[in-house]
Amino acid sequence: MKTAQRTLRISNTLSGKKEIFTPLHEGLVGMYVCGPTVYNNVHLGNCRTFTSFDIIYRYLLHLGYRVRYVRNITDVGHLTDDGEDRMAQGARLHKLEPMEVAQRYTLDFHEVMRMLNNLPPSIEPRATGHIPEQIEMVQRILERGYAYERNGSVYFNVRKFIAENPGIYGRLSGRVVEELIAESRENLKGQEEKDHPADFALWMKARPGDLMIWKSPWSVGFPGWHLECSVMSTKYLGQTFDIHGGGGDLKFPHHENEIAQNYGACGCSPARYWIHTNMLQLNGAKMSKSEGNFITPEQLFTGTSSLLSKAYSPMVLRYYFLQAHYASVLDMTEEGLRAAEKAYNKMMETNQLLQSLPVNTATYDGSESAHDRAILRHIEAAYEGMDDDFNTAIALAHLNELCSYVHKIAHRQIPLDDVSPWVIERLKTFFRAFLFDIFGLRDERQHANGNHLVEGLMALILDIRAAARAQKDWNTSDKIRDALAALGIALKDGKDGTTWTRL
RNA sequence: GGUAUCGUGGCCGAGCGGUUAGGCACAGGUCUGCAAAACCUGCUACAGCGGUUCGAAUCCGCUCGAUACCUCCA
């Protein structure tokens with residue numbers, strides 16, 4: 001698959017329109033995604049965001065692009081409402097060094113990403129590893145006149161920036177600064193230093209007791225939360241790059257301020273396409289720790305949440321995400337998870353069936369049947385779905401349609417001769433590419449069945465049962481089936497013998 | 001309170017003015033020793049009320065509800 005063969009369209013949240021994607025440099029894509037703040041276990045909603053971008057990353061790779069995918073780890077500067085650094089707060093709550101907190105939850109994050117089969121980004125920079133660069137950017141913004149120093153802290157001058165660069169600030173989030181001014185006047189807390197409520201910190205002077213501090217020309221302190229992304233995207237992708245992504249909740253103020261910082265430092269816009277993913281809800285309401293409507297990835301995978309009756313595997317979760325478009329709110333319910341589990345298992349079984357289909361090249365006469373055309377149409381439609389703003393729901397629908405064909409062929413409802421061998425081969429390649437390369441699914445059943453001893457024992461048992469069945473010894477046959485069912489193994493009697501799966 | 005987005009059949013969800021997306025569940029059938037699986041068939045929905053249009057789930061207005069941001073929870 002060559003890049004030139006397909007036209008990719010992306011909903012650009014900067015313009016609010018769906019645009020044809022053309023990278024800055026042909027064949028190369030630079031993508032920056034805002035990563036997690038590692039002060040706690042990774043949130044399920046974060047899992048959806050990073051899985052969405054993983055699929056975008058995978059599809060770009062599949063199209064033949066060389067992609068540099070940068071996703072940061074925020075380990076300093078993201079303050080809570082009380083003005084305490086999240087990392088420092090985590091450290092205080094868990095009685096740990098801030099870097100211990102960062103390490104613990106970075107490992108947790110990586111483990112969950114691995115379970116979800118998300119590819120690691122090309123570069124995963126940390127905010128604390130880029131303090132000198134952040135100080136440099138603050139200096140550049142100061143030199144260009146868009147920031148001011150107050151008692152050792154440095155703030156971005158939003159009003160001056162807007163006056164001199166109309167149409168930049170507020171474009172992404174649709175914000176009008178006059179309204180922000182009116183709004184924020186009410187809840188000013190400890191922000192007396194700022195000239196204006198809309199201004200935001202580039203560098204914060206440390207207060208007594210602050211744990212994460214560095215020397216700078218202005219004070220001993222720490223960088224503002226938004227600065228790291230401006231700095232690290234510039235460092236690894238250049239002043240202007242292709243795609244910047246993140247959760248929709250980051251649009252304002254984080255991304256808006258990020259753009260202002262980049263523009264303020266270099267006079268140019270950072271990303272050309274902005275992609276924002278939408279929220280994950282639980283039982284029709286937002287996930288909220290305080291209201292108990294909350295579940296961690298670990299609880300989901302182990303079935304230890306009181307909100308669920310059983311465990312659901314990482315691949316079932318991934319399949320669940322695939323059924324919806326990344327920009328839509330997704331509601332998670334137990335019934336929905338059950339449906340996804342069943343659909344996922346069926347998809348994996350059908351693929352296994354497809355891959356084992358014989359291809360009789362001797363009968364190939366070069367013609368194209370009605371079935372051939374129907375199959376090829378669904379394959380193309382799945383690609384078109386992905387081309388249209390990475391619509392995995394559309395692509396998945398066509399894969400399901402194709403599953404029906406696979407079964408009809410496998411069960412001789414469509415004679416094998418009615419489908420051209422090259423179409424069967426194409427279908428096999430297509431399924432492998434979409435299921436594993438693009439959707440990033442893993443066949444969990446294969447892992448479960450990958451035990452040689454179990455495989456051997458099952459083969460023996462099924463052989464004995466087949467012999468009993470040949471003698472119409474239904475007692476023995478059913479005894480074996482019932483006993484295996486009790487062990488969590490389901491038998492499926494087909495025309496070509498019996499197969500088994502774990503429940 | 002302000003701003004924005006959304007509200008689709010029993011459930012989850014696609015849909016971007018004019019071919020009943022798809023999955024799960026459910027019902028009937030084929031196959032089968034029985035069951036399961038698989039396959040076939042059925043289930044024509046768009047929050048409410050108005051409007052624009054030959055035609056609206058899709059555009060506009062209002063009402064109600066949800067979510068996000070403004071304000072710490074992703």
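In what follows, chains are A, B, ... by sequence order, proteins preceding strands, each numbered from 1. Computed from a predicted model, the values in this text were never measured in an experiment.
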Review point. Looking for any heavy atom pair under 4.0 Å, which part of the strands does A:E401 touch: base, sugar-phosphate only, or nothing?
Key: sugar-phosphate
Review point. Taking a pair as Watson-Crick or G-U wobble with both distances under 3.5 Å, which nucleotide is matched to B:rC69?
Key: B:rG2
Review point. Looking for any heavy atom pair under 4.0 Å, which part of the strands does A:K18 touch: base, sugar-phosphate only, or nothing?
Key: base
Review point. When we call it a touch if two heavy atoms are under 4.0 Å apart, what does A:K472 touch: a base, just sugar-phosphate, or nothing?
Key: nothing
Check your understanding: Of the nucleotides B:rC11, B:rU67, B:rA14, which one has an atom closest to the side chain of A:T333?
Key -> B:rC11
Exercise for review: Tell me which nucleotide among B:rA35, B:rC70, B:rA14 gets nearest to the side chain of A:F252.
Suggested key: B:rC70
Revision key, fill the gap. Considering only heavy side-chain atoms of A:D331, the closest of B:rA21, B:rC12, B:rA66 is B:rC12
Check your understanding: Is A:K205 salt-bridged to A:D210, cutoff N-O under 4.0 Å?
Key -> no
Exercise for review: Please find out if less than 6.0 Å separates the ring center of A:Y273 from that of A:F21.
Suggested key: yes
Practice item. Identify whether any heavy atom of A:R481 sits under 4.0 Å from a base atom; if not, whether one sits that close to sugar-phosphate; answer base, sugar-phosphate or nothing. Key: base
Check your understanding: Base, sugar-phosphate, or nothing: which does A:L280 touch, judged by heavy atoms less than 4.0 Å apart?
Key -> base
Review point. Does any donor-acceptor pair link the side chain of A:D493 with the base of B:rA35 at a separation under 3.5 Å?
Key: yes
Exercise for review: Select base, sugar-phosphate, or nothing to describe what A:P253 touches, counting heavy atoms under 4.0 Å on all strands.
Suggested key: sugar-phosphate
**Study point:** Per A:R465 side chain, nearest of listed nucleotides B:rC40, B:rG33, B:rC11
**Key:** B:rG33
Study note, to complete from the structure: Against the side chain of A:S328, the closest entry in B:rA38, B:rC39, B:rA14 is B:rA14
Exercise for review: State whether A:E335 and A:R338 are salt-bridged, where the test is any N-O pair (Lys NZ or Arg NE/NH1/NH2 against Asp/Glu carboxylate O) under 4.0 Å.
Suggested key: no
Review point. Applying a 3.5 Å limit to both distances, which nucleotide forms a Watson-Crick or G-U wobble pair with B:rA38?
Key: B:rU30
Review point. So, for A:H244 and A:E258, which heavy atoms are closest and what is the spacing to 0.1 Å?
Key: CE1-OE2, 2.6 Å
Review point. Contact class for A:Y320 (heavy atom, under 4.0 Å): base, sugar-phosphate, or nothing?
Key: sugar-phosphate
Check your understanding: Is the NZ or CZ atom of A:K342 positioned over A:Y344's six-membered ring, under 6.0 angstrom from the centre and within 45° of the axis?
Key -> no
